[in-house]
*Asks:* 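The structure follows.
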Amino acid sequence: MSEKVLMKGNEALAEAAIQAGCKHFFGYPITPQTEVAAYMAKQMPKRDGTFLQAESEVAAINMVYGAAGAGARVMTSSSSPGISLKQEGISYIAGADLPCVIVNIVRGGPGLGGIQPAQSDYFQATKGGGHGDYHLVVFAPSSVQELVNLTKEAFDVADIYRMPVMIMGDGMLGQMMEPVEFGAYTPREIPEKTWATTGTEMKRKHNVVNSLYITASDLEELILERQKRYDVIEEKEARFEAYKTEDAEIIVTAYGITARIAQTAVNKAREQGIKVGMIRPITLWPFPKKAFAELDTNKVKNVLCVEMSMGQMVEDVRLSLDCKIPVDFFGRTGGVVPTPDEVLTKIKALYEGR
Amino acid sequence: MTHEILISGFGGQGVLFAGKLLAYAAMLEEKYVSWLPSYGPEMRGGTANCSVIISDEPVSCPLVTNPTVLVAMNAPSLDKFEDSVTKDGKIFTDASLISQEFKRNDTSNFAIPSTKMAEELQASKLSNMVLLGKVVKETSVLPFESIINALKKTVPASKQAMLEINKKALETGFNA
């Protein structure tokens, strides 16, 4: 299976999910991620799985809730406005400690917004889009190959920590084609799903899926337990990629497809003798704080955060740096994609202003 | 070596397929490659385009903003992208549909009547393949054989008849 195939991001992620053992997909079409559902509709019936187009996003996420409760590997996919509709369900799933994978191929917002690529759902994904004290693990792939690898891993991470995992892409990543290999992933060790509501056969106490705890002290105890798990995740699962950072005086930071654009700008700046590197967060929650906290303040003079938004991840970058290095921001939004030259101009301005 | 190719035209002219074929051929040649379409309502009869990057190194930004090769299949595409082509870049147009002169004289410009040439093959929809044949001839992007190989792999078994005519259109462009 190591032969390379040329695939669209949306289709590759759907194939990766099926290969990871996803048996149920519930969704509702929306540009720019409809190819995910189309691929699932075609493949799931042939591969021992269920594809169901729900009557709405709200219905789809609640179907995910049900299948997850039964311990099945399950996924839903949507784009920004659709993900907003799913938030109630996502909060319930987090509150019931159930694993599932949620894909957001982000488009411009707020409201119906537009259909072109954006990253303006960062706050929603990482700070709790629904109500309550909870987190999602959020993966931000920047190539079709990484999208495939992280989709497979997302199911494992969801099962290990019993929580929803979000894959956050954007319209560009979903629509573009790149060569991919599917053979590369080594599964992680998954604990047995003793909590799943699969029928007791009169041999054990029945399992309950629930997110309602009327007694305040009970609810607090449960949240504190969950927080311990979140602490482990923050310790173990934060991930980033460092690019040409060793001698860098300026650090550019960007995630997802924007990191590819920023990387071109970094390469062009290097050709002009500017010592610039890049930190690319791969997990947005947990945020790779250490990558920033451990920057050498004697060497790095500026950090530039580039996003397809008005500046959302930049807040986590600033918190991680604790005011030790000045952080600038450059972003385009509403579906407009920044060009490498725009980023380069910003890098040069910072370099000259050192 | 990195080729940044932009193929643009009306929705329905096969600009996305031409790009896909090029990307597929590049993958078979073990090159790094990316294919990025414009998407959205403009595809319904408006203009569509795709960015194809073929390189010996990993592709960072998949969006082509300054193409080294521009294929403009209609006048609005030439209007929109002519200025963005790199100096010494190559511009290919369908002279059957575009009557305007090139503005650029620091690029190599190739205007061939690809729609008319395709019609002469009884395949009026294959203007895209005629132009692609010309692109392969005039650039060092890929050898001609690798495009034919890619064509063989992408045309489904049920449409083998399409293979011959596509091949013929590519050859016509290559020899133009």
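Since the model is a prediction, treat every value here as computed from it, not as a measurement. Computed from heavy atoms alone, side chains included, the values below leave out hydrogens, waters and symmetry copies.
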*Asks:* Carefully, step by step, assess B/Trp35 and A/Lys8 under the rule side chain to side chain contact (heavy atoms under 4.5 Å, CB included).
*Replies:* CA-CA 9 Å; B/Trp35 174 91; A/Lys8 264 194 173 191; 4.0 Å; yes
*Asks:* Does B/Leu63 reach the side chain of A/Met172, with side-chain heavy atoms less than 4.5 Å apart?
*Replies:*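 Yes, at least one pair of side-chain atoms sits under 4.5 Å.
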*Asks:* Between B/Thr65 and chain A, with a heavy-atom cut-off of 4.5 Å, which part of the residue counts as in contact: side chain, backbone, both or neither?
*Replies:*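 Answer is side chain: those atoms of B/Thr65 sit under 4.5 Å from chain A.
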*Asks:* Could you name each residue pair satisfying ring pair (Phe, Tyr, Trp, His ring centres under 6.0 Å) that touches residues 135-176 of chain B, not counting sequence neighbours?
*Replies:*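 Sorted pair list: B/Phe144-B/Phe174.
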*Asks:* Which of residues 260-270 of chain A have a heavy atom under 4.5 Å from any heavy atom of chain B?
*Replies:*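 The stretch touches chain B at A/Arg260, A/Ile261, A/Gln263, A/Thr264, A/Asn267.
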*Asks:* Rounded to the nearest 0.5 Å, how far apart are CE of A/Met176 and OG of B/Ser34?
*Replies:*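 These two atoms lie 5.0 Å from each other.
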*Asks:* So how far is it from B/Leu21 CG to A/Leu6 CG, rounded to the nearest 0.5 Å?
*Replies:*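 Spacing of CG (B/Leu21) from CG (A/Leu6) equals 10.5 Å.
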*Asks:* Heavy-atom count check: over 12 atoms from other residues, nucleotides or ligands less than 6.0 Å from A/Lys348 NZ?
*Replies:*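 It does not: A/Lys348 NZ has 12 such atoms or fewer within range.
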*Asks:* For chain B, find its close neighbours in residues 247-254 of chain A: heavy-atom separation under 4.5 Å, sorted by number, or none.
*Replies:*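 The stretch does not come within 4.5 Å of chain B.
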*Asks:* Tell me whether B/Lys103 at atom NZ has more than 12 heavy atoms from other residues, nucleotides or ligands lying less than 6.0 Å away.
*Replies:*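 Atom NZ in B/Lys103 is packed in, count exceeds 12.
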*Asks:* Might you confirm whether atom OH of A/Tyr185 has over 12 heavy atoms from other residues, nucleotides or ligands at distances under 6.0 Å?
*Replies:*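 Enclosed: over 12 neighbouring heavy atoms sit under 6.0 Å from OH of A/Tyr185.
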*Asks:* Does atom NZ (B/Lys137) have a neighbourhood of more than 12 heavy atoms from anything else shown, all under 6.0 Å?
*Replies:*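 Check passes, neighbour count above 12.
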*Asks:* Just wondering, are more than 12 heavy atoms of other shown residues or ligands nearer than 6.0 Å to CD in B/Glu101?
*Replies:*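 Not more than 12 within 6.0 Å, no.
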*Asks:* Less than 4.5 Å to any heavy atom of chain A: does that hold for the side chain of B/Val59, its backbone, both, or neither?
*Replies:*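 Its backbone and side chain both get close to chain A.
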*Asks:* Heavy-atom pairs under 4.5 Å with chain A are the metric here; pick the option from B/Pro58, B/Ser60, B/Ala23, B/Cys61 that has the most.
*Replies:*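 Top option by heavy-atom pairs under 4.5 Å: B/Ser60.
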*Asks:* Has B/Tyr39 got a side-chain atom pairing as donor or acceptor with A/Ile115's backbone, closer than 3.5 angstrom?
*Replies:*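 Yes.
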*Asks:* Mind listing the closest non-hydrogen atom pair of A/Gln175 and B/Pro37 along with its distance?
*Replies:*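 Taking A/Gln175 first and B/Pro37 second, the nearest heavy atoms are O-CD, 3.4 Å.
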*Asks:* Under 4.5 Å between any side-chain heavy atoms of B/Tyr32 and A/Glu178, yes or no?
*Replies:*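 With C-beta onward as the side chain, the pair stays apart.
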*Asks:* By number, which residues in residues 328-340 of chain A have some heavy atom less than 4.5 Å away from chain B?
*Replies:*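 Within residues 328-340 of chain A, the residues under 4.5 Å from chain B are A/Val337, A/Thr339, A/Pro340.
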*Asks:* Let me confirm one number: the CE-NZ distance from B/Met27 to A/Lys4, rounded to the nearest 0.5 Å.
*Replies:*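 That separation rounds to 8.5 Å.
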*Asks:* Give, for atom CG of B/Asn66 and atom CG of A/Asp341, the distance between the pair rounded to the nearest 0.5 Å.
*Replies:*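 If we round to the nearest 0.5 Å, B/Asn66:CG and A/Asp341:CG are 6.0 Å apart.
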